[in-house]
Amino acid sequence: MSDLYQQAFEYATSFLKEANDLPIQVSDQARADLAHLDFNLPIDGVDAQQVIQELNQWVTPATMKMGSPRFFGFVIGGAYPVSVASNWLGTAWDQNTGLEKTTPAVAALERISGRWMLDMLGLPAQSAVAFVTGATVANFTALAAARNQVFNQAGWDVEANGLIGAPEVHIIISEESHPTVYKSLAMLGFGRNRVTKVPTDAQGRIDMAQFPEVKDNSIIITQAGNINSGSFDPIGDICDRVADKNAWVHVDGAFGLWAMASNQYKHLGLGIEKADSWATDAHKWLNVPYDSGLAFVKNEHALKAAMAITASYLPSENAERNPSDYTPELSRRARGIDIYAVLRHLGQAGVAELVERCCSCAQRFADHFEAAGFEVMNDVVLNQVVVCFGSEEKNLKIMEAIQQDGTCWAGQTIWKGRLAMRISVSNWQTGLEAVDESWAVMETILAELK
Ligand SMILES: Cc1ncc(COP(=O)(O)O)c(C=O)c1O
């Protein structure tokens, strides 16, 4: 057994050692070679070491180096070494993280790291924390709690009676909401289309001048960190506007919520603590391995009512914190281990430093683009930069050349109706050197394709 683990460890560590110096983009050959893994499952199996050897042989080369300090695609981070190591330990421990009685250690790590994050992000201390797979499920989980409370106050037990015949609930959502929020609304039975969309300003923030009259029984979905511009909705103002209604304000802060850990950036989320729930990803800006998202919910009872497995269990306010009372799953991975490990390693100052460094890098990119005469389409308030090089065709050509070069990686977006390149700086390794190295490549490509 130890040979097998040693072999896997060596493959993994040599990948981690070399990854930063390898092309980020997966080559066509490596993609084609994946065919070696594809056959009808034989009657007889093979030795475990052969399996690991084959995985390394064909999967490692076809792995996009998303953890590189020069990967700026989507809005994803890498994984701090401490979280990779804790993840390995967590896999060895293989805890079924459902009940505190049976998995006391990992349940404790969730309880402790949950408290740390509420404190660090300035969210209400009494909030419940759910450790889920990612921001999509964090939004779903928080909105399930919203559904419970809003219906409950309207005299309807939605968990018991479902939605057929239920009172009407109004969903108010930014026109810039992430597509996965619509998916959550669909899964919760609210429907993707039965929403009032609020127009946004030039930075993608909800425009309060166009914010609709809010009726009782409403759920308002806001954003802390626009996927393109990084800007925040005026969340505090929205909470004030609806304070006297049966209304729930949710914040999708998939990456942006972490800005609240920085004294320099937390002004973006002024009044955010007045909201009812917040969703974020740990596998983005906190840089832990996939899959790791978090839902914070002020009303613990609403979350447990929506998520606990048996309704009869609810009224007894149990002294134990059973992780499965807060999440869609019963059995699951102990995600709190990696979050605990990174927070313990970085401390509050380390998380703030990570946020601030990434934001400085984004600003450096913007400065390079602007100095070279290109249009930066957003106000760079956080870690996001949207740059337009001209026509759609030109943008696509430039992005293709950058990706093919392999030194760095950035992808396309549509921002305010125009195709552009988006840069997101969210990786724990990224510093100004990585930015300048990437810019040098971009500058050459831009000159060649002029
Ligand atoms: C604002 C926002 N919400 C939700 C999501 C979905 O997150 P995940 O892919 O972790 O489920 C993302 C992902 O980029 C996002 O940026």
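Order of appearance sets the numbers: ligands from 1, and atoms from 1 within every ligand. None of the values given here were measured: they were computed from a predicted structure.
Geometrically, ligand 1 and D252 share a nitrogen or oxygen pair separated by less than 3.5 Å. Taking only nitrogen or oxygen atoms, main chain and side chain alike, D281 reaches within less than 3.5 Å of ligand 1. Note: an N/O pair closer than 3.5 Å links A135 and ligand 1 by distance alone.
Salt-bridge check for R335 with E329: passed, with a basic side-chain N closer than 4.0 Å to an acidic carboxylate O. Look at E375 and R418 and you find a salt bridge, because one of the NZ, NE, NH1 or NH2 atoms lies within 4.0 Å of a carboxylate O, short of that distance. Checked for salt-bridge contact, R333 and D291 miss the test: no charged N lies under 4.0 Å from a carboxylate O. Residues E110 and R332 are paired through a salt bridge, judged by an N-O separation under 4.0 Å between the basic side chain and the carboxylate. We find that E18 and K65 are not joined by a salt bridge, their nearest charged nitrogen and carboxylate oxygen being 4.0 Å or further apart.
Residue contact check: H283 has heavy atoms under 4.0 Å from atoms 10 (O) of ligand 1. Of all atoms in ligand 1, numbered sequentially from 1 with element shown, those under 4.0 Å from a heavy atom of Q223 are 1 (C). Heavy-atom contacts of I227 reach the following atoms of ligand 1: 14 (O), 15 (C), 16 (O) (cutoff under 4.0 Å). Within the listing of ligand 1, atoms 4 (C), 5 (C), 6 (C) sit less than 4.0 angstrom from a heavy atom of T180.
Side-chain contact check for E300 and Y326: at least one donor-acceptor pair (N or O, by modelled atom type) lies under 3.5 Å. Under the 3.5 Å distance criterion, with hydrogens and angles disregarded, a donor-acceptor pair is assigned to the side chains of N148 and E159.
Relative orientation of the F389 and F369 rings is perpendicular, given thresholds of 30° and 60° on the angle between their planes.
Counting protein heavy atoms only, atom 9 (O) of ligand 1 is closest to K284 NZ, 3.8 Å. Among protein heavy atoms, the minimum distance from atom 12 (C) of ligand 1 is reached at H178 NE2, 3.3 Å. Here the protein heavy atom with the shortest distance to atom 11 (O) of ligand 1 is T136 OG1, 2.5 Å. Looking only at protein heavy atoms, the nearest one to atom 2 (C) of ligand 1 is A254 CB, 3.3 Å.
Contact annotation for V75 and ligand 1: no heavy atom of the residue comes within less than 4.0 Å of the ligand.
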